[in-house]
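Notes follow the structure.
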Amino acid sequence: MSTGIVTTDVNIGPFKIPQNGQNMIMNNYAERHKFFVEVNIPEPMMSNALATTQWVHSNKKLTKVILCSIHQLPTEQATIDKLLKNMEDVEFHFALEGICGKGRKFLLERIEEAKMFRNAKTIDSTQTNWVELYQLMQEIGTR
């Protein structure tokens, strides 16, 4: 029964967070929630399979895993299936989003949420102004 934090590639969805920054974010999250971190799991660069995390779980029986963001979750279906099979009993915490939960349904919802953000249209802020952004918000019904 242990808690682990997982560092991954510097490119995390829309963020660029070096591993030392990831460690600071997750350790701060753990401290605020009074978790004792027992293992720091470095995943290989340019991979979001969480294979090392799954291997550590098979040896240490992790109860909690802290990640910086939902954007660190796998994107390929075979990798998602493997993660769900091996770690559905683990409580996942996502420090930047401030959410946690466990189980297949929770992880699939987080994976879908990350996918929604990946597919969202990016607005180039250098090519617009606040008035145009406000008008856009009114057109799409977010205001």
Side-chain angles (χ1 to χ4, degrees), residues 2-58 60 62-143:
S2 60
T3 299
I5 60 174
V6 182
T7 56
T8 60
D9 191 67
V10 67
N11 297 303
I12 301 173
F15 312 112
K16 290 199 180 305
I17 308 171
Q19 287 188 339
N20 60 345
Q22 293 176 43
N23 275 316
M24 288 173 26
I25 290 166
M26 292 181 292
N27 280 314
N28 178 270
Y29 179 92
E31 183 179 321
R32 285 184 288 121
H33 290 84
K34 300 188 181 355
F35 297 152
F36 177 72
V37 175
E38 298 169 69
V39 61
N40 187 340
I41 306 164
E43 288 288 344
M45 296 307 244
M46 301 181 75
S47 170
N48 69 347
L50 298 179
T52 306
T53 303
Q54 293 176 62
W55 176 78
V56 170
H57 175 57
S58 70
K60 290 195 176 279
L62 298 169
T63 55
K64 292 180 183 69
V65 167
I66 304 171
L67 293 151
C68 275
S69 175
I70 60 174
H71 297 288
Q72 291 169 291
L73 290 169
T75 55
E76 295 179 17
Q77 192 59 50
T79 310
I80 292 168
D81 293 340
K82 190 173 180 183
L83 177 71
L84 293 172
K85 178 183 173 208
N86 294 334
M87 300 193 72
E88 73 178 320
D89 60 330
V90 175
E91 187 174 278
F92 279 80
H93 293 257
F94 301 98
L96 292 177
E97 291 85 5
I99 52 178
C100 66
K102 73 184 209 178
R104 179 179 193 84
K105 182 178 183 281
F106 173 78
L107 286 173
L108 285 172
E109 287 172 352
R110 301 298 70 81
I111 290 167
E112 193 59 35
E113 185 177 354
K115 181 179 178 182
M116 179 183 71
F117 278 100
R118 275 194 312 278
N119 295 333
K121 179 184 172 192
T122 303
I123 299 171
D124 184 353
S125 63
T126 64
Q127 301 298 315
T128 190
N129 60 48
W130 290 110
V131 172
E132 289 175 0
L133 289 173
Y134 180 76
Q135 290 170 342
L136 177 64
M137 286 174 40
Q138 287 183 322
E139 288 171 15
I140 60 175
T142 60
R143 178 92 166 102

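- For Ile66 against Met26, the heavy-atom pair with the smallest separation is O-SD, 3.1 Å.
- In the model, Glu43 has no side-chain atom that pairs as donor or acceptor with a side-chain atom of Ser47 under 3.5 Å.
- Of the possible polar contacts, one joining the His57 side chain to the Leu62 backbone as a donor-acceptor pair under 3.5 Å is found.
- Taking CZ of Phe92 as the reference point, atom CG of Leu83 lies at 5.0 Å (rounded to 0.5 Å).
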(message) Pair Met45, Gln19 - check side-chain contact (heavy atoms from CB on, under 4.5 Å), show working.
(response) CA-CA 10 Å; Met45 296 307 244; Gln19 287 188 339; 3.9 Å; yes
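- Here the side chain of Gln72 pairs a donor or acceptor atom with the backbone of Ser69 at under 3.5 angstrom.
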(request) Apply side-chain contact (heavy atoms from CB on, under 4.5 Å) to Asn27 and Ile5, showing your working. (result) CA-CA 8 Å; Asn27 280 314; Ile5 60 174; 3.7 Å; yes
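- Between Thr52 and Pro42, the shortest heavy-atom contact is CG2-O, 3.9 Å.
- Going from atom NZ of Lys64 over to atom CZ of Phe36 covers 12.5 Å, rounded to the nearest 0.5 Å.
- Between the Glu91 side chain and the Val65 main chain, no donor and acceptor come within less than 3.5 Å of each other.
- Taking both residues in full, the closest heavy atoms of Pro18 and Val10 are given as N-CG2, 3.6 Å, listed atom of the first, atom of the second, then distance.
- By the neighbour-count criterion of 12 heavy atoms within 6.0 Å, atom CZ of Phe15 is densely surrounded, having more than that number from other residues, nucleotides or ligands.
- Atom CE of Met46 has 12 or fewer heavy atoms from other residues, nucleotides or ligands within 6.0 Å.
- In this structure, Ile17 and Leu96 have side chains that are in contact, with non-hydrogen atoms separated by less than 4.5 Å.
- Residue Thr79 holds its OG1 atom at 10.0 Å from CD1 of Ile111, rounded to the nearest 0.5 Å.
- Put simply, the side chain of Thr75 reaches to within 4.5 Å of the side chain of Arg118, judged on heavy atoms.
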(message) What verdict does the side-chain contact (heavy atoms from CB on, under 4.5 Å) test give for Thr3 and His93, after you've listed the backbone C-alpha separation in whole Å, the side-chain angles of each residue and the deciding distance to 0.1 Å?
(response) CA-CA 10 Å; Thr3 299; His93 293 257; over 6 Å; no
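- A donor atom on one side chain and an acceptor atom on the other are found under 3.5 Å apart for Asp81 and Gln77.
- In this structure the side chain of Leu73 reaches within 4.5 angstrom of the side chain of Phe94, judged on heavy atoms.
- Note: Arg110 CZ to His71 NE2 = 11.5 Å, rounded to the nearest 0.5 Å.
- Side-chain atoms of Gln127 and Glu132, non-hydrogen and from C-beta on, never get closer than 4.5 Å to each other.
- Taking both residues in full, the closest heavy atoms of Pro74 and Ala49 are given as CG-O, 4.2 Å, listed atom of the first, atom of the second, then distance.
- The distance from atom CG of Asn23 to atom SG of Cys68, rounded to the nearest 0.5 Å, is 8.0 Å.
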(request) Could you walk me through whether Asn40 and Thr7 pass side-chain contact (heavy atoms from CB on, under 4.5 Å), step by step? (result) CA-CA 8 Å; Asn40 187 340; Thr7 56; 4.0 Å; yes
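- Although no hydrogens or angles enter the test, the distance criterion places a donor-acceptor pair under 3.5 Å between the side chain of Glu97 and the main chain of Ile70.
- Heavy atoms only, all atoms of each residue included: Lys102 and Asp89 are closest at NZ-O, 3.5 Å.
- Note that the CG atom of Asp9 and the CD atom of Gln22 stand 8.0 Å from one another [nearest 0.5 Å].
- Side-chain contact between Leu50 and Met87 is absent, with no heavy-atom pair separated by less than 4.5 Å.
- Considering every non-hydrogen atom in both Ile99 and Tyr29, the closest pair reads O-OH, 4.3 Å.
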